[in-house]
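To start, the structure itself, in structure tokens.
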Amino acid sequence: MLAAIGVSSIEELFARQIPEAVRLRRALDLPAGMPEQDVYAHLRELARRNVSCEEELSFLGAGMYDHYVPAFIDMLMERSEFLTPYTPYQPEISQGGLQVMFEYQTAICELTALPVSNASVYEGPSAAAAAAYLAKLHNGRSRLVVSAGMHPHTIETLRTHAHGYGMEVVEVALSGGVTDLVAWRGAIDGDTSAALFAQPNFYGAVEDAQALSDAAKDSAGEDAPVVVCQVDPITLGILRPPGQCGVDVAVGEGQALGNRLDFGGPSFGLFAAREEYLRRMPGRIAGETVDVDGRRGFVLTLQTREQHIRREKATSNICTAQALNALGGVAYLAWLGRRGIVELGELLLARTHYARDTLTAIDGIDALHTQPAVRELAVRLHADVAAVKARCARAAVNPGVDVQALTGREEDRGGLLVAITEQRTRADIDRLAQTLGAAVAAEREAVAV
Amino acid sequence: MLAAIGVSSIEELFARQIPEAVRLRRALDLPAGMPEQDVYAHLRELARRNVSCEEELSFLGAGMYDHYVPAFIDMLMERSEFLTPYTPYQPEISQGGLQVMFEYQTAICELTALPVSNASVYEGPSAAAAAAYLAKLHNGRSRLVVSAGMHPHTIETLRTHAHGYGMEVVEVALSGGVTDLVAWRGAIDGDTSAALFAQPNFYGAVEDAQALSDAAKDSAGEDAPVVVCQVDPITLGILRPPGQCGVDVAVGEGQALGNRLDFGGPSFGLFAAREEYLRRMPGRIAGETVDVDGRRGFVLTLQTREQHIRREKATSNICTAQALNALGGVAYLAWLGRRGIVELGELLLARTHYARDTLTAIDGIDALHTQPAVRELAVRLHADVAAVKARCARAAVNPGVDVQALTGREEDRGGLLVAITEQRTRADIDRLAQTLGAAVAAEREAVAV
Amino acid sequence: MSSPQASGGGATAETPLQRKRARTIFEQGAPGRRAFVCPEMDVPEVDPAQLLPEHLRRIDPPRLPEVSEPEIVRHYVSISKRNFDLDSGFYPLGSCTMKHNPRLHERAAALEGHARLHPLQESERAQGALELMWNLQNALAEISGLPHVSLQPSAGSHGELAGVLLTRAYHESRGERRMKVLTPDTAHGTNPATVTMAGLRVVKLATDAQGGIDIEDLRAKADGEVACLMLTNPNTLGIFDPNIEQIAAIVHDAGATLYYDGANLNAVMGLSRPGDMGFDIVHFNLHKSFTQPHGGGGPGSGPIAVSERIAPFLPVPVVTRREDGAFELDHDRPHSIGRLRGFHGNYGCFVRAYAYIRSLGAEGLRDASENAVLNANYLLARLRQADLGEGRRVEDLLPLAYGELCMHEFVLSGGPMKRELKLKTLDLAKRLLDFGFHPPTVYFPLLVDEALMVEPTETETRETLDAFAQAVAEILREAALEGPEIARNAPYTTPVRRLDEVAAAKHPVIRQAL
Amino acid sequence: MSSPQASGGGATAETPLQRKRARTIFEQGAPGRRAFVCPEMDVPEVDPAQLLPEHLRRIDPPRLPEVSEPEIVRHYVSISKRNFDLDSGFYPLGSCTMKHNPRLHERAAALEGHARLHPLQESERAQGALELMWNLQNALAEISGLPHVSLQPSAGSHGELAGVLLTRAYHESRGERRMKVLTPDTAHGTNPATVTMAGLRVVKLATDAQGGIDIEDLRAKADGEVACLMLTNPNTLGIFDPNIEQIAAIVHDAGATLYYDGANLNAVMGLSRPGDMGFDIVHFNLHKSFTQPHGGGGPGSGPIAVSERIAPFLPVPVVTRREDGAFELDHDRPHSIGRLRGFHGNYGCFVRAYAYIRSLGAEGLRDASENAVLNANYLLARLRQADLGEGRRVEDLLPLAYGELCMHEFVLSGGPMKRELKLKTLDLAKRLLDFGFHPPTVYFPLLVDEALMVEPTETETRETLDAFAQAVAEILREAALEGPEIARNAPYTTPVRRLDEVAAAKHPVIRQAL
Ligand SMILES: Cc1ncc(COP(=O)(O)O)c(C=O)c1O
Ligand SMILES: Cc1ncc(COP(=O)(O)O)c(C=O)c1O
């Protein structure tokens with residue numbers, strides 16, 4: 001091969017192109033390579049030192065949930081045809097991926113009751129940031145009014161990006177577990193670019209989405225802000241969808257839909273909006289068309305929004321998104337189906353309330369709020385949460401997320417967020433109650449002494 | 001649908017076809033069906049109650065071995081295109097599977113140095129029985145001379161089948177760990193249909209294959225029996241192949257080649273022979289040909305041997321074989337490659353002898369034989385093997401197979417068969433020596449007291 | 001679809017898959033190239049010659065491929081696309097029960113505790129696996145109505161062999177040597193082949209006008225030398241023998257046993273049980289009724305269930321349960337015919353079959369069989385009624401060979417089609433390939449002229465069945481209008497077209513020349 | 001291959017894949033059909049209305065598909081076959097580093113301990129995951145020559161955004177407000193797009209005759225308002241900027257930072273390090289250089305490594321190691337720009353990238369880059385030398401845009417080809433599809449007329465590179481002999497042919513009407 005190139009050595013290829021001063025003249029300081037079996041053994045060993053949802057009874061949630069992923073979805077996501085291609089730049093040989101995007105967009109539009117969806121963004125919190133950027137492009141204003149009920153990671157992510165966008169973030173407190181409507185109305189003014197809230201919110205409470213969007217709209221009159229709702233898609237079989245609550249843009253974390261936990265990623269972010277925002281959407285969008293023989297086909301469309309065409313004028317810088325994870329999402333939604341998503345929602349609803357009733361009946365545990373909750377509930381422990389969790393861990397139970405550890409809010413002291421999935425049965429909930437109750441009691445005793 | 005059929009109910013379909021007397025008028029006495037997640041949880045729980053090679057340091061072998069299976073092989077065997085089709089009856093749409101068979105046959109021929117191979121039979125021991133049937137069809141005789149060095153399961157399987165074939169099995173004892181050449185010569189006569197031995201034999205000893213075939217041939221002169229050698233394919237990178245030792249038919253268990261343990265199956269049986277036996281081979285055989293446009297293609301060939309054509313005159317009754325497992329086999333051989341199979345063989349050889357030297361240096365352990373061994377070795381413990389194994393188990397070490405438990409032979413008392421794979425490092429072998437040595441010592445003490 | 005004739009039979013504008021001459025893995029790579037990275041030689045290097053004398057050592061290595069891992073992956077993934085598969089299309093291959101293979105089963109079987117469990121692991125440390133086998137044994141016993149089960153046989157034909165050997169052992173234990181086995185002329189080839197391998201003689205039974213066994217013929221042949229009658233019920237015509245009780249009585253009166261070929265069990269799960277029909281021995285095809293994927297020709301698994309009188313002779317080992325509830329492998333059965341293979345059978349298939357049984361449960365299994373029969377009858381009806389114009393219907397050219405209704409499958413006769421349209425069943429099958437369907441089984445059972453054997457299974461949708469019926473009608477119309485040549489030269493759109501099987505058999509090239 | 005013109009452009013004898021009109025999952029199934037079996041309602045039934053007031057409840061369910069599991073599987077498996085994939089063919093898509101994706105990585109990432117680990121699991125109970133992230137941080141630091149790493153960004157462009165925000169934070173911490181970011185005209189679109197999103201202004205830099213940055217232009221523009229220069233090196237022309245030291249000096253003298261777009265890192269692993277070149281910030285594309293499969297458009301992962309002066313501003317969290325050796329997530333970084341997303345980044349991608357780094361090791365990574373550059377130069381040479389007859393060679397029509405040699409990729413100009421053969425780069429690309437190759441990147445970088453950007457990667461064999469060069473030559477010969485129409489109407493053999501993108505954009509149909 002060197003002869004064909006006309007060089008005498010591989011070294012020559014580099015010597016002739018890279019200035020000596022910036023050549024690395026030593027070996028990288030990394031361990032030596034290993035045969036496949038040894039790398040596997042090492043990664044197996046690392047995995048062994050993690051406690052997965054398989055090894056403990058876990059009620060962790062707060063944004064990612066241990067839903068059951070049907071086996072066929074793994075198979076599809078492992079298929080070379082879906083796993084290994086690049087973004088479909090050559091539609092003639094990418095119809096599989098493009099059709100999946102089109103079907104995904106349709107499913108997300110149905111879920112959110114909004115007319116347009118893109119083919120995915122990175123994940124939940126950054127999807128909210130993307131919505132804020134869309135609002136900025138739309139109305140050029142610089143204020144972001146954010147409900148304190150949004151996930152703390154979302155709020156932090158919004159702040160990080162807002163600094164770049166040249167926007168400021170104004171947080172609206174909660175009252176009784178949901179966004180304080182008065183404060184919300186008060187915070188929104190003519191400079192408000194977007195008003196964002198979560199449904200259900202971080203504390204598991206179902207917000208009155210209609211009231212929040214109405215308030216946002218009429219408080220600003222003419223200059224109504226873009227109303228953004230961060231949804232938990234798996235609840236949309238039973239919760240009034242954003243498109244039917246006056247919401248302009250719906251974003252959300254898609255992991256619950258057929259994606260594994262993976263310690264937090266990769267998953268996908270969903271992004272849907274009203275028609276008028278179509279040409280300001282971030283990311284890929286697949287569209288239907290026909291080929292020269294009149295055959296139905298799909299292509300990436302409205303690319304004039306995108307960075308590779310519009311460059312500094314693009315509606316977003318996103319390029320690689322989450323196509324494979326979105327495949328998991330649409331395949332999961334097809335698996336649930338029109339009835340399944342309702343049945344599942346009702347099962348989660350019933351179990352969540354059963355869990356709330358059971359837990360709050362325990363001495364030393366009461367509800368953090370009494371709002372309706374559909375798949376996650378917040379209680380307050382009259383004991384140190386970390387200490388209680390440590391006690392539960394000994395019984396191989398993980399009772400949930402320490403709220404204050406995430407929000408840092410004083411009023412959240414003692415808060416525990418308990419997530420319910422279809423994999424947590426009544427028996428599991430009863431075991432949780434028994435373990436958690438005992439741990440709280442023991443901890444209070446220990447402190448009392 | 002019922003209307004189209006012209007019946008009023010599904011029940012009618014059965015009522016009109018199945019006599020009432022043989023209808024089952026109750027529900028089957030089986031547990032109710034479960035959602036996927038519950039079935040998975042149940043099977044996960046059953047799996048948890050098995051101690052796999054992942055959870056202990058295992059030196060189990062004796063026919064199946066814990067070799068590393070490269071991840072890409074799982075992927076191939078899980079691909080719908082290989083996993084879900086039936087036997088390739090329609091070659092135009094089965095070229096993938098047929099080509100795999102053709103490549104597999106080529107690889108097996110190379111490995112065994114024999115000119116013809118079929119596309120797989122069930123597994124190892126029944127492959128030997130299939131060879132005996134081929135011998136019967138070939139020479140019509142009724143005696144099977146079998147080396148006691150064959151796997152006990154092989155000998156039992158031969159006996160079971162031989163009864164059907166109307167053949168008798170004569171066992172030839174070992175001396176010094178290998179087939180007693182004198183007894184072997186003596187046992188083979190003009191009525192002998194086939195003479196069978198294993199290479200390496202059940203005790204891990206390498207037999208003098210050439211000497212055994214020569215003896216078989218000249219002891220019977222004109223009426224030489226069919227010489228059958230049961231091979232361990234993974235040793236054929238360094239062991240003289242049957243085709244170069246005067247062997248007529250080579251059979252063997254293919255699991256070591258890219259197939260997982262699966263508690264004993266499914267795997268595949270390999271079956272190769274000299275040209276003259278081609279038309280008496282059992283099972284599917286793929287052959288190369290061309291299509292009407294002159295394109296190269298592959299088909300099932302020589303089907304006039306088979307049950308679906310020849311029926312009671314077929315050379316075998318086999319229909320469904322082990323195509324998918326054979327795919328794993330040929331993919332694994334391609335992965336090892338021409339050099340790899342030699343390197344691997346030499347690694348196993350060196351480690352096996354290291355293990356033998358290390359173990360036999362321990363007080364209370366000596367060699368069961370001193371023949372060359374390539375991947376498995378036999379030692380004799382001066383203590384009860386079961387008791388010693390139980391002690392080792394507490395240290396999460398499984399030192400190997402209790403020989404006598406399998407052979408039932410008095411002379412095998414104390415025998416332990418230790419298998420080595422590329423997954424058992426020197427450190428593992430040293431840990432085995434330390435654990436086994438301690439267990440033997442402890443057991444002898446316990447008994448002494 | 002425009003007539004391929006117009007474009008020279010589709011040979012132009014070949015797809016990359018078609019154009020690329022098939023290259024084997026042996027025709028790729030380069031000397032020295034490799035995928036395998038050998039673990040380091042961590043023990044003292046030794047000269048092989050010293051450990052392994054010259055005459056035992058291999059001189060020149062086997063000429064295996066010299067390829068990189070990306071090459072291997074690309075090679076096998078690429079050729080896999082030259083396969084038609086059940087996950088992509090309808091596969092109504094009669095007698096093969098091509099039902100959906102749930103992926104849950106693959107996930108469960110791949111768990112370390114199952115996949116990396118050594119068969120010689122001590123029973124105490126393999127209780128999960130033994131419990132699974134125990135549960136499966138019991139489930140199969142309940143489904144078949146026969147109390148004793150061995151999971152050992154590797155596939156259906158292996159189960160048949162076990163069955164005939166059991167029959168021999170049974171008779172021999174009673175001091176009888178019965179040499180005949182009755183098999184109907186509709187029997188699958190493995191039945192007669194098995195009989196011969198088991199050292200017995202095949203005696204053929206005629207089929208009556210209803211497609212069942214000719215009772216008179218049976219009476220005449222059921223003498224004292226008969227060891228066994230091997231029956232598939234429903235048989236390979238998809239017909240449940242209406243005289244099954246009578247047949248059982250005759251066979252038993254003759255002192256013979258009744259063997260049930262379970263390949264067609266998918267028609268009767270939870271609806272009718274071989275044991276209740278009077279069968280003594282039944283084999284299951286876990287790769288048919290119980291969703292073990294066929295793998296392009298295996299693996300399979302062929303457990304057998306037997307009646308009390310046959311039980312003592314069952315192959316070893318069988319899973320038993322101790323008083324203390326623990327499970328173990330019982331090898332110590334004095335009357336056993338012995339082993340049929342190594343270890344305990346195809347456990348990986350047991351996991352899948354067991355997962356299937358637990359997923360469906362009692363009701364689900366019955367529903368499966370009900371829908372299998374419903375789908376078959378619906379497709380039969382659609383096919384017969386499909387219009388060919390001029391008042392002709394498909395059934396005029398492809399009549400049902402026997403009966404009016406069918407069980408889980410049915411057999412059509414292509415005789416009239418061949419006579420009137422000069423279209424052979426083979427040509428119809430090949431033309432179906434261009435429509436993206438796997439053809440039904442052809443030319444079996446042998447007693448039907450130009451047989452076309454169709455088994456849709458319960459996991460297919462009505463829409464798929466309608467589309468298939470339409471395709472058959474379209475092909476017949478095409479032949480009626482444009483003549484049989486189009487079909488005779490079909491397929492056009494497959495990776496390769498019709499292959500020269502005669503040449504392949506005349507001068508067999510069954511390995512790559514290196 | 002016979003001219004498709006002869007057969008009406010291959011439109012006849014369509015394959016089943018071509019003929020079947022694409023049907024979406026929403027166009028399948030039947031009312032009431034389902035795959036999901038809901039776990040039993042094991043808690044007291046409650047009327048949803050009671051728990052969820054009317055105005056919060058959904059009235060009519062989303063119109064999701066009503067299909068069985070076999071239908072879903074068959075649907076997605078079937079349409080997957082309408083994709084071209086890296087496991088089946090050569091994919092020399094410039095700037096995308098389509099290297100082999102080892103399956104070991106999928107196996108490892110699927111282990112329960114990784115795949116079912118919740119991101120909010122306590123650190124003490126996720127030590128394996130944190131150690132993996134720690135090791136990966138260190139490896140990336142060593143490879144880039146920049147000591148501090150954040151694994152958080154979700155992809156390359158997300159890493160870019162982080163980088164520009166870091167630059168802002170850095171300058172702001174020094175009381176400076178610098179609004180300009182310099183980007184060469186060869187820059188990838190994400191660079192300028194990122195600059196705008198980060199609230200800064202793009203200033204374009206010219207490219208000199210060697211394909212590097214025009215130093216004079218840089219000098220002129222590198223003033224006190226410049227916050228940063230974003231550079232890809234080797235750049236998108238596949239050229240390693242010979243003046244990199246000078247460039248770094250100029251930028252630093254101007255008080256600006258130097259950003260390294262790591263998309264082309266595959267050219268220099270173990271051979272040259274951004275940190276040693278003077279870069280302050282670099283992003284990695286784990287889905288390019290480190291084998292995270294592209295998934296048809298993600299997931300990706302875009303970690304960043306930075307110099308000491310940038311470190312204080314890194315996004316949270318980062319993995320740190322306590323004295324006692326335990327690992328934890330550090331959120332408490334007062335100067336941090338904050339979070340870029342939820343949780344800790346795309347851990348699943350970290351597992352794969354880490355497995356890759358441990359498989360190859362220091363030597364292996366260097367070999368990978370060496371072979372990537374070797375393969376690119378070999379393919380370049382083969383292409384240039386490929387004979388077109390009449391003493392013409394491919395390079396006469398497809399000259400190398402800049403330079404003589406290249407790094408891991410190269411850019412040809414289709415200008416002469418267009419002028420002489422009336423063959424556009426797009427047509428060449430489409431015709432390549434008929435030869436079973438994925439085309440190179442086309443029309444990028446923008447400054448090259450009719451650009452064709454080719455990146456073979458190190459995992460391709462010489463035979464594949466030769467075949468690709470031949471195919472390009474064959475297409476040019478075909479156009480020279482038979483005219484450009486064949487290519488202009490290509491492809492012919494793909495599941496669909498050229499699609500009407502204009503109509504798609506004019507009247508967007510981006511969801512199924514239900
Ligand atoms: C009716 C019948 N009997 C027996 C068999 C043999 O089963 P197997 O292929 O599992 O050996 C088959 C399989 O085709 C069959 O259809
Ligand atoms: C040079 C260059 N920079 C940046 C990017 C953006 O990377 P990502 O797609 O991961 O956001 C790409 C990807 O195409 C690229 O080629």
Side-chain angles (χ1 to χ4, degrees), chain B residues 1 4-5 27-28 30 32-33 43 46-47 49-54 60 80-81 83-87 92-93 95-97 106 110 122 125-126 153 156 160 164 260 262-266 287-289 291 296-297 301 307-308 311-312 314 317 320-324 334-335 338 340 343 354 426, chain C residues 22 35-36 38 42-43 62 64-65 79-80 82-87 108 111-113 115-119 125 128 154-155 157 189 192-194 196 198-199 202 277 293-300 338-339 341-343 346-348 361-362 364 377-378 381 494 496-497 499 504 509 511-512:
Chain B
M1 290 171 80
I5 301 169
L28 287 170
L30 294 173
L43 285 153
L46 289 173
R49 282 160 47 209
N50 300 324
V51 180
S52 77
C53 294
E54 194 64 61
L60 291 172
S80 299
E81 291 83 344
L83 182 71
T84 67
Y86 201 74
T87 301
E92 298 86 350
I93 52 167
Q95 286 300 298
T106 304
E110 275 302 313
Y122 300 134
S126 53
H153 289 178
E156 292 173 42
T160 306
R260 35 196 218 202
D262 281 341
F263 199 44
E288 179 176 347
T289 185
D291 78 354
R296 183 188 200 180
T301 192
Q307 45 77 25
H308 60 288
R311 305 187 59 90
E312 61 268 30
N317 69 336
T320 293
Q322 310 292 135
L324 190 67
W335 180 73
R338 184 177 189 156
E343 290 172 8
Y354 174 79
R426 175 184 189 153
Chain C
F36 173 68
C38 195
D42 52 3
V43 297
L64 296 176
I79 68 174
S80 79
R82 297 163 71 97
N83 271 1
F84 182 96
D85 66 284
L86 178 61
D87 278 353
L111 287 165
E112 283 169 359
R116 291 194 63 199
L117 179 60
H118 193 283
R125 303 228 294 294
S154 309
S157 64
T194 297
T196 308
V202 170
M277 301 175 205
H294 284 93
R339 284 193 160 274
R341 52 163 291 163
F343 307 113
N346 285 338
Y347 178 78
N377 281 281
Y378 176 78
T494 46
V496 295
R497 297 179 56 217
L499 292 145
V509 178
R511 63 153 292 171
Q512 172 109 46

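Convention: sequence-line order gives letters A, B, ...; per-chain numbering from 1. Fair warning: this is a prediction, and the values are worked out from it, not measured in the lab.
- Ranked by heavy-atom pairs under 4.5 Å with chain B, the first of C:G298, C:A155, C:P293 is C:G298.
- When all heavy atoms are compared, the tightest approach of B:T289 to C:A504 is CB-CB, 3.9 Å.
- Between the C:N83 side chain and the C:D85 main chain, no donor and acceptor come within less than 3.5 Å of each other.
- Of the listed residues (B:E81, B:E54, B:E110, B:E312), the one with the most heavy-atom contacts under 4.5 Å to chain C is B:E110.
- Using a 4.5 Å cut-off between heavy atoms, B:A334 touches chain C through backbone and side chain atoms alike.
- Ranked by heavy-atom pairs shorter than 4.5 Å toward chain C, the options B:C53, B:A32, B:G297, B:G96 are led by B:G96.
- Nearest heavy atom pair, residue B:N317 against residue C:T194, reads ND2-OG1, 2.9 Å.
- Most heavy-atom pairs under 4.5 Å with chain C: of the set B:L30, B:D262, B:L324, this distinction falls to B:D262.
- Heavy atoms only, all atoms of each residue included: B:Q322 and B:Y122 are closest at CG-O, 3.2 Å.
- Chosen from C:G113, C:G338, C:G295, the residue pairing most often with chain B at heavy-atom distances under 4.5 Å is C:G295.
- Comparing C:A381, C:A22, C:G364 by how many heavy-atom pairs each has under 4.5 Å with chain B, the most go to C:A22.
- At distances below 3.5 Å, at least one donor-acceptor pair connects side-chain atoms of B:H153 with backbone N or O atoms of C:F343.
- When each of C:G300, C:G342, C:G199 is checked for heavy-atom pairs under 4.5 Å with chain B, C:G342 comes out on top.
- Of the listed residues (C:G348, C:G128, C:G361, C:A35), the greatest number of heavy-atom pairs within a distance under 4.5 Å of chain B belongs to C:G128.
- Only the side chain of B:Y354 comes within less than 4.5 Å of a heavy atom in chain C; its backbone stays farther off.
- In terms of heavy atoms, B:Q95 sits closest to C:L499 at NE2-CD1, 3.5 Å.
- Between B:N50 and C:Y347, the shortest heavy-atom contact is ND2-OH, 4.2 Å.
- Across all non-hydrogen atoms, the minimal contact from B:E92 to C:V496 is CB-O, 3.6 Å.
- Taking chain C as the reference chain and counting heavy-atom pairs below 4.5 Å, the highest number among B:L43, B:T87, B:D291, B:I5 is found for B:D291.
- Chain B forms the most heavy-atom pairs under 4.5 Å with one residue out of C:R511, C:R339, C:Q512, and that residue is C:R339.
- Residue B:A314 touches chain C through its side chain alone, counting heavy-atom pairs closer than 4.5 Å.
- For B:T301, the part lying under 4.5 angstrom from a heavy atom of chain C is the side chain only.
- Not one N or O on the side chain of C:R116 forms a donor-acceptor pair closer than 3.5 Å with the backbone of B:S52.
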